[in-house]
Amino acid sequence: MLTKQRGPGGPAPSRYGNEETPVHVHGFLTEKLSLNLDKSVTTSATCGSSVTYGTSAPSESAVGEPGGCEGRRGLPRSLGWPPCSMTQSVVVQVGQCGNQIGCCFWDLALREHAAVNQKGIYDEAISSFFRNVDTRVVGDGGSISKGKICSLKARAVLIDMEEGVVNEILQGPLRDVFDTKQLITDISGSGNNWAVGHRVFGNLYQEQILEKLRKSAEHCDCLQCFFIIHSMGGGTGSGLGTFLLKVLEDEFPEVYRLVTSVYPSGEDDVITSPYNSILAMKELNEHADCVLPIDNQSLFDIISKIDLMVNSGKLGTTIKPKSLVTSSAGASKKRQEKPFDAMNNIVANLLLNLTSSARFEGSLNMDLNEISMNLVPFPQLHYLVSSLTPLYTLADVNIPPRRLDQMFSDAFSKHHQLIQADPKHNLYLACALMVRGNVQISDLRRNIERLKPSLQFVSWNQEGWKTSLCSVPPVGHSYSLLALANNTCVKPTFVELRERFMRLYKKKAHLHHYLQIEGMEESCFTEAVSSLSALIQEYNQLDATKSMPVEDLPRLSIAV
Amino acid sequence: MSIVTLQLGQCGNQIGFEVFDALFSDSHCPQRLCSKRENEAYQASCKERFFSEEENGVPIARAVLVDMEPKVINQTLLKAAQSGRWKYGQHSGFCQKQGSGNNWAYGYSVHGPRHEEPILNLIQKEAEKCDSLSGFFIIMSMAGGTGSGLGAFVTQNLQDQYSSSLKMNQIIWPYGTGEVIVQNYNSILTLSHLYRSSDALLVHENDAVHKICAKLMNIKHISFSDINQVLAHQLGSVFQPTYSAEGSFHYRRNPLGGFKDPALYTSWLAPDNAFNVWKTQRAFSKYEKSAALVSNSQFLVKPLDVIVGKAWNMFASKAYIHQYTKFGIEEEDFLDSFTLLEQVVASYRNL
């Protein structure tokens, strides 16, 4: 029997939702965001067009003010312009790790919208991840598309083959945010076996999964993207999570599948994590549009560094109490006790920043469909290395340009990456810089010029930069930067994974656990490792071009 | 003589707003430096060109706003309405939810045909409001998906439907060091299509305008807002009503007229026909004197050459092509575009 180690998420049973989690914060949030139901129902009826403040007077601060934190504004009724709604996304969190990260995400998302949306109006930005529901209505009819916020429900599907994590969530401070009908749980768990997750539970729950997904899609006006969060090393997240990808591709071919995958680190406790990861990789190769690989070691290193800086009392590195980076509480002492919360929060921040330009206004927007378009030059090469700054806040708000430039430098440093990789010494195929806050195009350009010389881009994409400027900064910061790189530096991660796999597979260690599952044969393994090898080969070929001089190809010659 | 402006995509809408704002400010500027009668004629002409009948004293821009996602249009409409000085028509906007994803093929092959009818209807309604339509002014960027792809599609349609009216496309040339990774693809596809259907392409390079902001205006932290305002100022002065052959008080010259003939000014053209000088006494906006130079020269050869070169390099590696073929733009279409543009470059070079 394989050890029932909890996967990369960690062993503590109270990883989320223990008594110390500040319920009062969530209470405040829910108060802020939802109003007395009677009041809200009457006032929403007086709103002529959707998304208004109920008056025709222009609001306090000008639209498009730099760093304006008011989020989307309503249009005066007199304009009578029927606004278009934006797109929505659905988060599917699978397995223990996926659900823990997912939970942090929803927590941070609520805080962000609470900070940005002062008036408690259900606007387009919120609707991208939340439904507005009148909880007095029984059944499905409770959705409210405009007016004041009644009760927010996350556009999420929670899947786990053990009950522990999901139950904690449902008993924790976020319990009201999740629609209990959007859960799929079992009790026995996948035993860290990809085959159990993928084939056994996949078959068993296929119908239910489809039903929940369809339901969540129906609740969306215009569904643009599925965010899948899972880990690669275990059984449920890895197996069932990737089974899901195929379902999504068949059922919703037009909707993006963006996968956040936590890869096992070298010292992973789960012995069979290489098997699970490689089997999952094949699915990611074939059915994901975009993958953001993360590894626990990097997250852990980041948190350790923050700890060090705080404890050493270094100047200018006091953690702001409202910062969403370190933990839900933001209080430093709690961090030590729940390191995984802090680590999961980083990933949650990644997702928030990734979607900020699609949700909020800015002078250069970047929608989710632009991620794939710009960063995936060839369908198989869709693995993006992410790095996030700031990971800790700076004490003062009016930061002179040097500090801003420091943010850009940090994004290209190894210490801010969410996966162990070295993009600076490898080859860039494409790079996206997603900036939030009061940052202008000139700041962006200046920094690109400054950093370019130290980076190597592939010959046919020498200026392979995609940029976006979102005016709304994250909570507790003046600005932030998310860099997404399609870089050959992911190759070592995959190579190492393959090596670990081969060490096990050569000895046929633990193989029987997989082969005893119906439909599993050795060919599944060999095909999976071939798929990975092919991918590695692509990266090799690109790397080979690194040392070649950049030459312009002969152009078409035209007879004039 | 009225112009209907079509603002496409984020860039088109953001700039369009600044243009109308600049035009409005100019026509209502107190410092006139000319006689009252002169000023009134000027104002009337300005208004007629770009604004239509007022509602409660607030002029309405002769514009159609199009975008495939709602944030920018909503913001633009709001900004105008909040200014209290002018606004956009109640039903002059068309938007969708999903955006074009920086994909020219999506803008051209999917959004174009899908939304052809409503968009052209909006344009027609606006055109019908004009006593005398001189033409269309289409503001779009080349780097993205909507402005570029949908812009090319709509311009083609206008060519068919309004063949006797002039179409001038204001295209924004993206920064050399990337805003959008596939901008070179989007640019060559846009240019090659517009070349066949537009009467004039007025080009503004982000890099050039950026330099103006930095060097001439000494702006420290240049924002897109700064850039757009400079652009709008330039465009405003280009569209400034000028005397027609009849002399003063007759601001009837077709604002788009001078561009009808996109022929190159070759050596066999008599020098005094090569320049069209349009004069007006009335000062533009806050300036005592201003001059706007619109030229058809070889200046564009280098940037065009650069873009074609980069696009060609990328095309040779087939990078990103699958994103275009997904929506019906095949390698052949790329090759056609390359061919056409190489011809343009060669023609300009051989002047």
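In what follows, every chain begins at residue 1, and chains take the letters A, B, ... in the order their sequences are listed. Both backbone and side-chain heavy atoms feed into the values below; hydrogens, waters and symmetry mates do not.
For A:Leu223, the part sitting under 4.5 Å from any heavy atom of chain B is the backbone (N, CA, C, O) and nothing else. With a 4.5 angstrom heavy-atom cutoff, A:Leu375 touches chain B via backbone and side-chain atoms both. With a threshold of 4.5 angstrom between heavy atoms, A:Gln462 does not approach chain B through any atom at all. Of the two parts of B:Ile227, only the side chain, counted from C-beta on, holds a non-hydrogen atom closer than 4.5 Å to a non-hydrogen atom of chain A. Looking at B:Asp305, the atoms closer than 4.5 Å to chain A (heavy atoms on both sides) sit in the backbone and in the side chain alike. Within the 4.5 angstrom heavy-atom criterion, atoms from both the backbone and the side chain of A:Asn365 approach chain B. The parts of A:Ser372 that come within reach of chain B are both its backbone and its side chain, each placing non-hydrogen atoms under 4.5 angstrom from that chain. Using a 4.5 Å cut-off between heavy atoms, A:Leu368 does not touch chain B at all.
In terms of modelled atom types and a separation under 3.5 Å, the side chain of A:Asn374 and the main chain of B:Val180 share no donor-acceptor contact. Side chain of B:Tyr320 to backbone of A:Val376: no donor-acceptor contact under 3.5 angstrom is found. When atom types are taken as modelled, the side chain of B:Gln10 and the backbone of A:Ser363 share a donor-acceptor pair closer than 3.5 angstrom. A side-chain donor-acceptor contact under 3.5 Å links A:Arg445 to the backbone of B:Thr177.
Remark: B:Ser317 OG to A:Leu429 CG distance equals 10.0 Å, nearest 0.5 Å. A distance of 3.5 Å separates CE in B:Met314 from CG in A:Asn461, rounded to the nearest 0.5 Å. Distance check, rounded to the nearest 0.5 Å: CG of A:Leu364 to CD of B:Glu179 gives 6.0 Å. Of the inter-residue distances, the one linking B:Tyr185 atom OH with A:Met373 atom CE reads 9.5 Å to the nearest 0.5 angstrom. Atom CH2 in A:Trp465 sits 13.5 Å away from atom CD in B:Gln183 (nearest 0.5 Å). Taking CD of A:Glu124 as the reference point, atom CD of B:Glu69 lies at 10.5 Å (rounded to 0.5 Å).
The shortest distance between side-chain heavy atoms of A:Lys466 and B:Ile181 falls below 4.5 Å. Using a 4.5 Å heavy-atom cutoff, the side chains of A:Asn438 and B:His221 are not in contact. Between A:Ile441 and B:Tyr175, some side-chain heavy-atom pair lies under the 4.5 Å cut-off. Side-chain contact between A:Cys222 and B:Gln98 is present, with heavy atoms from C-beta onward closer than 4.5 Å. Between B:Ser100 and A:Glu370, every side-chain heavy-atom pair lies at or beyond the 4.5 Å cut-off.
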- Task: Would you please test A:Asn369 and B:Tyr106 for side-chain contact (heavy atoms from CB on, under 4.5 Å) and show each step?
- Result: CA-CA 11 Å; A:Asn369 50 10; B:Tyr106 202 77; 5.9 Å; no

- Task: Starting from the C-alpha separation in whole Å, work towards a yes-or-no answer on side-chain contact (heavy atoms from CB on, under 4.5 Å) for A:Phe378 and B:Gln323.
- Result: CA-CA 9 Å; A:Phe378 303 101; B:Gln323 310 270 17; over 6 Å; no

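Top candidate by heavy-atom pairs under 4.5 Å with chain A, chosen from B:Asn103, B:Val72, B:Asn206, is B:Asn103. Contacts with chain A were tallied for B:Val308, B:Ile321, B:Ile219; B:Val308 has the most, counting heavy-atom pairs under 4.5 Å. Per-residue heavy-atom pair counts under 4.5 Å with chain B were compared for A:Ala430, A:Cys431, A:Gly464, A:Pro379, and the maximum is reached by A:Pro379.
Other residues, nucleotides and ligands contribute more than 12 heavy atoms inside 6.0 Å of the NZ atom of B:Lys326.
Nearest approach of B:Gln14 to A:Gly362, heavy atoms of both residues: OE1-O, 3.9 Å. Considering all non-hydrogen atoms of both residues, B:Lys71 and A:Arg359 come closest at CD-O, 3.9 Å.
A salt bridge links B:Lys310 to A:Glu463: at least one charged side-chain nitrogen sits closer than 4.0 Å to a carboxylate oxygen.
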